[in-house]
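Here is the structure we will look at, set down as structure tokens.
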Protein chains: 2
Amino acid sequence: MSDRLTALRRSVDQPPAGFDWDENAWREAGERVLRLVAAASTDWESRRPSPDHPDDALKLFSGPTPQDGVAFEELMTRIEREVLPTSAYNGHPRWLAYIMGAPAPVSVLGDLIASSLNQNSGLWRVTPSSTAIEVQTLSWIAEMLGFPSAAEGIFLSGGQMANIVAHAVIRDAKVPWDARAFGVRGFNGNAPQLRIYASSELHYCHEQAAEILGMGRQAVRKVPVDESYRMRLDLLAQMIAEDRSRGDLPIAIVGTAGTVGTGAIDPIPELVSAARDEGLWLHIDGAYGAFATLADNCSIGLRALSDANSVVCDPHKWLFSAIDAGVLLVREAGRLERSFAFHASYLETADRGARVDFLERGPENSRPQRAFKVWLSIQAFGRDGYAAMIDYNIRLAAYLEELVRATPGLALAAPRELSIVCWRVELEGLDRPALEELQVAVIEEIERRGIAMLSNARLQDGRTAIRACITNFRTRAEDMEKIVKASAQIGSELAAKSRR
Amino acid sequence: MSDRLTALRRSVDQPPAGFDWDENAWREAGERVLRLVAAASTDWESRRPSPDHPDDALKLFSGPTPQDGVAFEELMTRIEREVLPTSAYNGHPRWLAYIMGAPAPVSVLGDLIASSLNQNSGLWRVTPSSTAIEVQTLSWIAEMLGFPSAAEGIFLSGGQMANIVAHAVIRDAKVPWDARAFGVRGFNGNAPQLRIYASSELHYCHEQAAEILGMGRQAVRKVPVDESYRMRLDLLAQMIAEDRSRGDLPIAIVGTAGTVGTGAIDPIPELVSAARDEGLWLHIDGAYGAFATLADNCSIGLRALSDANSVVCDPHKWLFSAIDAGVLLVREAGRLERSFAFHASYLETADRGARVDFLERGPENSRPQRAFKVWLSIQAFGRDGYAAMIDYNIRLAAYLEELVRATPGLALAAPRELSIVCWRVELEGLDRPALEELQVAVIEEIERRGIAMLSNARLQDGRTAIRACITNFRTRAEDMEKIVKASAQIGSELAAKSRR
């Protein structure tokens, strides 16, 4: 052995200690963490949906980079004393803000298994189990939504990323030049303006997708809605015709299955026909609403999303998966690879079957095993279990709606289709600006008192509604009653102050 | 109470059972999962880096959507019997393929806490603790890399997503029109061709970014490298001049700090000057190499990345975080919001401090709390702990390099700077095609025998090298010795067969 080799051998004799754990260390640390996790995931009546003093977090989590390591127990204590009290609990039975699902415990433990296996779910060679599980989970979700189970798909971090990937696929499929090579300018910088149609109630992610993909925000045409917040088909046709006569290139219609504001569902059967007639791609943004197709009390129009070219859904909402789990399904197999694969030769080979390289289907090379927790949950609850729980959530919303109707001083503010209810405190003796301020003040006061976490919806005439969205397996009838009672009571307290 | 209200109340009296757990259920299920996780994360000598029969996964994970729920214990048994044997173990001490970090147990348990808290880390209002923790972790990482700790940043799913977001920021910052509104065509469809310069050893994600962002793959100009696989500065200057004279619009230079193939580091100090002189943005792709700045044995040029306009690094590589944890840092605060914020009024307000809405900084509205596990790990190991371990990984690579040099039948195939070593089996009596096949066959046979997981590198003259990348706290001197011995031995076995 050369001197150099001997010296090098000596220099790597012992690795620095402390990084790895044996089974004992795993057990001790794991049990400590489990106590913390179980305590933070139970005993909800003792807990507020949102923290008392959120700005405490700014003070607690500051300071320079630690030079030396800190003992594990000290870190756990810090989490209990500092992280938990400054966290918001979207698993709380009265967390009804935005559209956030409560995380089912089985999916949380599924995430632990996935993290420990650390599968980088991009290349078949390095993640056979993870890839096969993702393919199977996608095919289950396709079946649930009425898509062919052979439809192609991919897990992404959420509805926004899934919609961005959808728009990339649509752009690349619908322009008559090689968009991947030459971009949105086209081969000679002479490309037409692309156009996408969505209702004015669209999630902002579609405009963001157009920005990111270089089409520009102006590519998105917002079609006005009717009094039920559904896209107006007459205006859709008119706008497409206008754009065509101007020389623009319409490529897609985006229908929303469950708008952010009121949970409205666009007239999907009619959009299917319109897209077919116009030669456009029909994409359904069902981040919130798609899984309601499972429920008996689902609206009939919603089920027509099974005829779309692509659909986005969020298992981390109504499949009660922990964040993050968004899904894009595309009816025609091969489309994702046509936009993202960098080894096009792969596409030539006859039958790779489930030996997919998911990095060829999206914009992520490193990607966590998001499907695993969903795969576990679908087995734990079954299709029937999910159907019953989503049905229950929608019935809770119907009950909330009726409670609002029956309560003096409150008024329903928008039609309800899924599990979003919008209402207002409507009291005499306040002018319009004071009434608008009142709605926001009620939401904030309900949050401040730790009763519930609600959010607001912007109504068609610019007014504001108090809004509850139920995508939570912990929410019960009593919670609806508490919220309605609190809105009415806090509403009149604040109105009295405001009138003084 | 009206009849309708009474009927609705009765219909929501009891939620479907089985979704939620009490503390006992958490403890029992948690302990069961912990046994599984600990068993899969220890006792490495009994385990192979990659599975024996990966295609088994195709058969195991097929079949229709489950109708009914399955008992938890049955699911755990299925995972032990079906998932573990078809999984690849990038935590194995001899997993040296691609660039994958082993997940430190503390980060795996950090992920469990984050999953259970289920913070959707986009809006300050719903995740104060998570936001403050992400801001703090980003500032620690900035400090580690020599960036100002006030530099702006965001966690994304990996280096690829982080690089895509970087290119969006660069595009929007450097074009003289409103790219978000009008896209890459410009206001009147008269925009010039954009140009980005990277070495021919670039990760393909930069070309993919150009595709996704609508600039087209042709926007990326690949600058040839020298014999050390570093970008040639003379050719860079020449290509920029050519493009300018053609009327194109150069916007950025991308330097690589640790190429995928050989771990080469572009001449960063010179790229800093070139970008300044040419008025271009300098972005450093340090997904692999950036954290080597912590190590004593780091090359001096690498530390100059602290002068770049932006840098990407992957904590799930050399900070030994579980997947996914990619980071983009941008020197000039406000740039991310300028590309992604949809509430521009936010930018007007004087001091939001750490009250960031991270959904305004990137393309994700739903986003998991990726920073948490990294925040926990940085505290557990400290800057010094990481420095020592990265230093050790680089020394292991130096030892592997010297072992290859000292072993008959093996030859070093490329210069080593970080922890990637490339070598070849070079034996007499084989023609060039046979020798090329031999390299790949050796990699595959080492994998098949369960000795190690290696990958290959493409060399400048088109030849193939056997490649090991050490970003693993479990790898030791003995592992290097096993791999070198196996390459030499399997190499001559296979060569003997090939010569027959």
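Between chain B and the options A:Leu213, A:Val106, A:Leu34, heavy-atom pairs under 4.5 Å are most frequent for A:Leu213. No other option in B:Ser115, B:Gly158, B:Ser121 has as many heavy-atom pairs under 4.5 Å with chain A as B:Ser115. Among B:Lys373, B:Arg27, B:Gln193, the residue making the largest number of heavy-atom pairs under 4.5 Å with chain A is B:Gln193. Highest contact tally toward chain A, considering only B:Gln67, B:Gln218, B:Glu23, is held by B:Gln67 [criterion: heavy-atom pairs under 4.5 Å]. No other option in B:Val12, B:Leu60, B:Val184 has as many heavy-atom pairs under 4.5 Å with chain A as B:Val12. Taking chain B as the reference chain and counting heavy-atom pairs below 4.5 Å, the highest number among A:Asn190, A:Asp56, A:Leu359, A:Asp172 is found for A:Leu359. In terms of non-hydrogen atom pairs under 4.5 Å with chain A, the most contact-rich of B:Ala88, B:Ser129, B:Gly216 is B:Ser129. Each of A:Leu36, A:Leu376, A:Thr131, A:Asp391 has some count of heavy-atom pairs under 4.5 Å with chain B, and the biggest count is that of A:Leu376. For the set A:Tyr98, A:Phe372, A:Tyr399, the count of heavy-atom pairs under 4.5 angstrom toward chain B peaks at A:Tyr399. For chain A, the option among B:Ala38, B:Ala322, B:Ala181, B:Ala132 with the highest count of heavy-atom pairs below 4.5 Å is B:Ala181. Among the candidates A:Met144, A:Met100, A:Arg217, the residue making the largest number of heavy-atom pairs closer than 4.5 Å to chain B is A:Arg217. The candidate with the highest count of non-hydrogen atom pairs below 4.5 Å against chain B, out of A:Asp55, A:Leu396, A:Thr127, A:Leu117, is A:Asp55.
Using a 4.5 Å cut-off on side-chain heavy atoms (C-beta onward), B:Val135 and A:Leu58 make no contact. A:Asn90 places none of its side-chain heavy atoms less than 4.5 Å from the side chain of B:Val126. Residues A:Met453 and B:Arg125 are in side-chain contact: their nearest non-hydrogen atoms beyond the backbone lie under 4.5 Å apart. Between A:Pro128 and B:Pro51, the closest side-chain pair of non-hydrogen atoms falls below 4.5 Å. The closest side-chain heavy-atom distance from B:Val108 to A:Trp21 is not below 4.5 Å. A 4.5 Å side-chain heavy-atom check between A:Ile141 and B:Thr65 finds every atom pair outside the cut-off. The side-chain heavy atoms of A:Pro103 and B:Ser116, taken from C-beta on, include no pair separated by under 4.5 Å. Taking 4.5 Å as the limit, some side-chain heavy atom of B:Glu207 sits within range of a side-chain heavy atom of A:Phe342.
A:Arg185 contributes a side-chain N or O that, together with a main-chain N or O of B:Ala191, makes up a donor-acceptor pair within less than 3.5 Å. Under a 3.5 Å cut-off, the side chain of B:Glu211 and the backbone N or O of A:Gly183 do not form any donor-acceptor pair. Not one N or O on the side chain of A:Arg180 forms a donor-acceptor pair closer than 3.5 Å with the backbone of B:Ala210. Counting only distance, with no hydrogens or angles, the side chain of A:Trp140 and the backbone of B:Gly63 share a donor-acceptor pair below 3.5 Å. B:Arg171 places a side-chain N or O within 3.5 Å of a backbone atom of A:Ile212 that can act as its donor or acceptor partner. Not one N or O on the side chain of B:Glu402 forms a donor-acceptor pair closer than 3.5 Å with the backbone of A:Arg4. Listed for the B:Asn118 side chain is a donor-acceptor partner under 3.5 Å among the backbone atoms of A:Ile323. Checked by atom type and distance alone, the side chain of B:Asp20 never pairs as donor or acceptor with a backbone atom of A:Ala104 at under 3.5 Å.
Under 3.5 Å, the side chains of A:Arg367 and B:Gln160 contain no donor-acceptor pair of N or O atoms.
Only the side chain of A:Ala406 comes within contact range of chain B, judged by heavy atoms closer than 4.5 Å. Both the backbone and the side chain of A:Tyr204 have a heavy atom closer than 4.5 Å to some heavy atom of chain B. Residue contact with chain B, scored on non-hydrogen atoms closer than 4.5 Å, involves the side chain of A:Ala40 exclusively. Heavy atoms of A:Met161 lying under 4.5 Å from chain B belong to its backbone as well as its side chain. Heavy atoms of B:Ser339 lying under 4.5 Å from chain A belong exclusively to its backbone. Of the atoms belonging to A:Pro85, not a single heavy atom falls under 4.5 Å from chain B. For chain B, the nearby parts of A:Ser41 are the backbone and the side chain; heavy atoms of each come within less than 4.5 Å. In this structure, the portions of A:Arg395 lying under 4.5 Å from any heavy atom of chain B include both its backbone and its side chain. For A:Ile378, the parts sitting under 4.5 Å from any heavy atom of chain B are the backbone and the side chain alike. Contacts of B:Ser130 with chain A are absent, with no heavy-atom separation under 4.5 Å from either backbone or side chain. Both the backbone and the side chain of A:Val83 come within contact range of chain B, each with at least one heavy atom under 4.5 Å from a heavy atom of that chain. At a 4.5 Å heavy-atom cutoff, the contact between A:Ser11 and chain B is made by backbone and side-chain atoms alike. In this structure, the portion of A:Thr42 lying under 4.5 Å from any heavy atom of chain B is its side chain and not its backbone.
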- Could you check A:Leu109 against B:Phe72 for side chain to side chain contact (heavy atoms under 4.5 Å, CB included), going step by step and ending with a plain yes or no? CA-CA 11 Å; A:Leu109 289 183; B:Phe72 188 76; 4.3 Å; yes

- side chain to side chain contact (heavy atoms under 4.5 Å, CB included) between A:Asp111 and B:Asp111: does it pass, once the steps are laid out? CA-CA 8 Å; A:Asp111 247 357; B:Asp111 247 357; over 6 Å; no

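Of the inter-residue distances, the one linking A:Ile133 atom CD1 with B:Glu82 atom CD reads 9.0 Å to the nearest 0.5 angstrom. Here the straight-line distance linking atom CD of A:Gln379 with atom CD1 of B:Ile79 works out to 8.0 Å at 0.5 Å rounding. Remark: A:Phe19 CZ to B:Phe320 CZ distance equals 6.0 Å, nearest 0.5 Å.
Scanning both residues, B:Ser62 and A:Gln136, for their nearest heavy atoms gives O-NE2, 2.7 Å. In terms of heavy-atom proximity, A:Gln208 sits nearest to B:Phe340 at NE2-O, 3.0 Å. Residues B:Leu403 and A:Leu5 approach most closely at N-CD1, 3.7 Å, considering heavy atoms. In this structure, B:Pro363 and A:Ile164 approach most closely via the heavy-atom pair O-CD1, 3.6 Å. Shown here for A:Asp314 and B:Ser366, the closest heavy-atom pair between the two residues is OD2-OG, 4.2 Å. In terms of heavy atoms, A:Ala57 sits closest to B:Trp124 at CB-CH2, 4.4 Å.
Applying the side-chain contact (heavy atoms from CB on, under 4.5 Å) criterion to B:Asp22, with sequence neighbours excluded, gives B:Asn24, B:Ala25. The side-chain hydrogen bond (donor to acceptor under 3.5 Å, both in side chains) check on B:Asn120 picks up nothing, with sequence neighbours excluded.
The pair A:Arg476-B:Asp13 does not count as a salt bridge, with every side-chain nitrogen at least 4.0 angstrom from each carboxylate oxygen. Under a 4.0 Å N-O distance rule, the pair A:Arg383/B:Asp68 does not qualify as a salt bridge.
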